[in-house]
Number of protein chains: 2
Amino acid sequence: MVTVPPRMIDVAKRADVALSTVSYALNGTRPVSASTRRRIMRAMEELGYRPNALARGLASKRTRILALLFPTPERGLGVTEMEFVTGAADAAREHGYHLMLAPSELRDIHELEHLTGQGLIDGALVMEVRLDDERVDLLGQAGLPFSMIGRTSDPGTISYADIDFEQTTRDAIAHLMELGHRCVGFLNHSPSALSVGYGPTVRAAEGFRRAASDAGIAHIERPCGDNAAAGKAAFHELRASSPELTALVVMNERAVIGVMNALDEISWRVPDDFSIVSIVSSTRVTEMMRPQLTTLEPPSTELGRLGVQILLDQLERPHDEPLPPTQKLLPCRLVVGASSGPPPAR
Amino acid sequence: MVTVPPRMIDVAKRADVALSTVSYALNGTRPVSASTRRRIMRAMEELGYRPNALARGLASKRTRILALLFPTPERGLGVTEMEFVTGAADAAREHGYHLMLAPSELRDIHELEHLTGQGLIDGALVMEVRLDDERVDLLGQAGLPFSMIGRTSDPGTISYADIDFEQTTRDAIAHLMELGHRCVGFLNHSPSALSVGYGPTVRAAEGFRRAASDAGIAHIERPCGDNAAAGKAAFHELRASSPELTALVVMNERAVIGVMNALDEISWRVPDDFSIVSIVSSTRVTEMMRPQLTTLEPPSTELGRLGVQILLDQLERPHDEPLPPTQKLLPCRLVVGASSGPPPAR
DNA sequence: TTGTAAGCGTTATCAA
DNA sequence: TTGATAACGCTTACAA
């Protein structure tokens, strides 16, 4: 047995008012007398009425659907990215919006064009932003409101929420310097992430360079493949070229285990012989390591939520008041583990 | 400058055909002569036409949008869940569908009612299923097509893709027995997961019980909070009550580190003094541990994809041919690490 | 093979 | 404060 869902006209008849009055009562777009409203509400209850989102969207040109653009890199997304997603989904729901997943890979930039043209979404949230990101350009041209988790090299008036990489690298170095380190290396993400201009990779490198230089300490940096083997090799190379190194700041969750293994190989203990700080990395992962890594953990869920809020601020503003963009940088939180200690007296 | 997007009628005029002909050409719902089609396609190109998804959905009653129902447990989702999501999103996209995120917590079962009533989605994919799941009941009543990643205690004719927990626990035990173990314990998820009837928790426990009994070996099982401290405590208790234990099968990614720490405390080495197998757990996580854990890794991405495919099979079948449900159990893959070896000769 | 026109279930304008 | 009614942009009988 298939029953047809009740429509607005059914509610109107039952409440003995005009169709439009029901609409106004529902949206509060126009004053409706208390008694009429009551009758309407009652009729809705009794019929189990649910407004049809499609019809509403077609007529009003607003769907209350947001798209979340996320590329799926070969090796998959991690805990941090999952938290962006759940944070964003949660915030959207709280504001009465839906979040649609739009997996966007390089090749389907025109799938994105498809998305924007469909009239299906009110706005978009862009994840995993590159310094020069064609998705961002496209959204701009399409005239679709959007915000970023991350940012391009020149965000202009685009709203975003991003991690404060300068601050994060500075905090990492400060933590190590307080412990007495004077020669700290930086192990970054892969060369390819660097060369495609993946925001976090580039900004962390710059931040580290700046922070080390400001602190007046030597620093060595290196990109590194996102896997244990690359991490191990990178450590051995770094040590060979810079034997005075006493600590490493690592922004590469997959490589850091390789560094630990490399240390094992030469029988160095952490943190007695060498210190490690994992930055922009979830404690959910670094807690699993022994010794538990000192971590600068990004506020991922918060960033996801913020990205949505920023977007909705734009969307819900009347079109004639443009509203200046919201651009926020959030710091990572230092979680001191057992992987950082005073440098050895070699 | 705001330009209005072209509509179907614009295409029709430009190609000098009727509006409906454009529609038929677009959907292939009715034969259209090659030349007419060409003219239409050309007009679309020239105008940069994109069909309006809302109007299409309103008229056809099909939106090509799927909902992904996932609850967000207090402590967040892990890598495995992220892979469900990306797998599902990917599969949906390949079939020309969108995936909408529907974070559903216990309390908002009526938000779910809202979702189903909106006419916004063609079907749903339910994640994190419990043996007795009210979301499943509700979807059934709402008459919305859906499939599950996981399954209820009695799936009936509902399609699903799930992990084969029987097989997985059997494989874990077999691996340990081959190494010579004869007394293997099982560390499960939290008591609360067990008591709310979370599918994997209950099924893995049953599977383990059965597999151990079939293998004719002693077995001890215990639920355990999802954190390191609980894991450590659980190990000490297990050892106290069953000193003959030589290995542990663990289905608790967050607790397993606690077990390792507990072993450290009593100076037992893995795998020389004690073996560990982590089941239904991503190698992306267990690779980070030292020694790298022997793992039974679930085919998460595959499950996500499969869940969508199964759902689409139902959706795209003509309504008069019901189609028997697809119910699939996928095995986990054994990845032998360095945490399992022969039992000690104590 | 193509055209005509009646919906789909809302919103929002124009009157009253 | 309320009512009629024309969009919204498309699908799909029904006709030709």
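This one's a predicted model, so the numbers in the text were calculated from it and none came from an experiment. In what follows, chains are A, B, ... by sequence order, proteins preceding strands, each numbered from 1.
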Kindly say if [X] contacts the phosphate of [N], meaning a side-chain N or O under 4.0 Å from OP1 or OP2.
X	N	answer
A:Y24	C:dT13	no
B:T36	C:dT1	no
B:K61	D:dC10	no

Checking all strands, does [X] fall into the base, sugar-phosphate, or nothing category for heavy-atom contacts under 4.0 angstrom?
X	result
B:S33	sugar-phosphate
A:L19	base
A:S20	base

Report task. Taking the side chain as every heavy atom from C-beta outward, state whether B:V11 and B:L19 have any atom pair closer than 4.5 Å. Result -> no
**Report entry** Side chain proximity check, B:L99 to A:M100, heavy atoms < 4.5 angstrom
**Finding:**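 Answer no - side chains too far apart.
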Would you mind reading off the distance between [X] atom [atom1] and [N] atom [atom2], rounded to a whole angstrom?
X	N	atom1	atom2	result
B:M8	C:dA5	CE	P	18 Å
B:N52	C:dC8	CG	P	18 Å
A:R39	D:dT2	CZ	P	8 Å
B:L26	D:dT11	CG	C1'	11 Å
B:I40	D:dC10	CD1	P	13 Å
B:L47	D:dG9	CG	C1'	15 Å
B:L54	D:dA7	CG	C1'	15 Å
A:L58	C:dT10	CG	C1'	8 Å

Quick check for you: among [options], whose closest atom lies nearest to any side-chain atom of [X]?
X	options	value
A:R56	C:dT10, D:dT1, D:dC10	C:dT10
B:S60	C:dT2, D:dC10, D:dT12	D:dT12
A:V32	D:dT2, C:dA12, D:dC10	D:dT2
A:T21	D:dT2, D:dT11, D:dC8	D:dT2
B:S23	D:dT11, D:dC8, C:dT10	D:dT11

Query raised in the report: DNA chain C: B:A55 or B:A18, which has the more 5' nearest nucleotide?
Result: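 Nearer the 5' end of the strand: B:A18.
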Query raised in the report: Mapping A:P51 and B:V17 to their closest nucleotides on DNA chain C, which lands nearer the 5' end?
Result: B:V17
Query raised in the report: Relative to A:Y97, does A:R64 satisfy both conditions: NZ or CZ under 6.0 angstrom from the six-membered ring centre, and within 45 degrees of the ring's axis?
Result: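 Judged by the rule (NZ or CZ under 6.0 Å from the ring centre, within 45° of its axis), A:R64 counts as positioned above A:Y97.
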Polar contact flag, side-chain donor to acceptor under 3.5 angstrom, [X]-[Y]:
X	Y	answer
B:S147	B:Q314	no
A:S20	A:S23	no
A:D133	A:T152	no

Query raised in the report: Could one point to a donor on the side chain of B:R30 or the base of C:dT1 with an acceptor on the other under 3.5 Å away?
Result: no
